[in-house]
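For reference, the structure is listed below as structure tokens.
Remember, predicted model here, so these are calculated numbers, not experimental data.
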Amino acid sequence: MKLVLKAACISLIVHIIYCVITVSWGYIQTLFYAPNFSDTNVFILQNEVVFAYVASPLSLLISFMIILLVSWLILKLAQTKQVID
């Protein structure tokens, strides 16, 4: 049971790191964005900006479970290797 909890923590940490990197990369791209406006398309500019990301909760759950399974297998293999040595 301890291995499952460790694997769940690893999976949670991986997902948090992924989200932080994704948001940080989007923020950095926004900071350095230099629009290229010409006189012909000035009339179609919007006055609001929306930052959003819509993901299916099912895909998040599936990726969490896959990473949990992979990290559990790695921990289990590492544990059995220590027992053998």
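For the pair Thr30 and Gly26, the tightest heavy-atom approach, listed with the atom from each and the gap, is OG1-O, 2.8 Å.
Checked against ring-ring contact (aromatic ring centres under 6.0 Å, His included), Phe64 has the following partners two or more places apart in sequence or in another chain: His15. With sequence neighbours left out, Lys6 forms a side chain to side chain contact (heavy atoms under 4.5 Å, CB included) with Leu75.
With Ser11 contributing its side chain and Ala7 its backbone, the two residues share no donor-acceptor pair below 3.5 Å.
Through direct or indirect side-chain contacts shorter than 4.5 Å among Ile, Leu, Val, Met, Phe, Trp and Tyr, Tyr27 is connected to Ile28, Leu31, Phe32.
There is a path of hydrophobic side-chain contacts, each under 4.5 Å, that joins Met65 to Leu12. When the side chains of ILVMFWY residues are joined at heavy-atom separations under 4.5 Å, either directly or via intervening members, Ile16 and Trp25 end up in two distinct hydrophobic clusters. Hydrophobic clustering of Ile, Leu, Val, Met, Phe, Trp and Tyr side chains at less than 4.5 Å, counting indirect connections, unites Leu73 with Val14. Residue Trp72 is grouped with residue Ile10 when hydrophobic side chains (ILVMFWY) are merged at heavy-atom distances under 4.5 angstrom, including chains of intermediate members.
The line from CG of Leu69 to CD1 of Ile74 is 10.0 Å long, rounded to the nearest 0.5 Å. Summarising the geometry, atom OG1 belonging to Thr22 is positioned 11.5 Å from atom CD1 belonging to Ile17; distances are rounded to the nearest 0.5 Å. Atoms OG and CD1, on Ser71 and Ile66 in that order, are 11.5 Å from each other to the nearest 0.5 Å.
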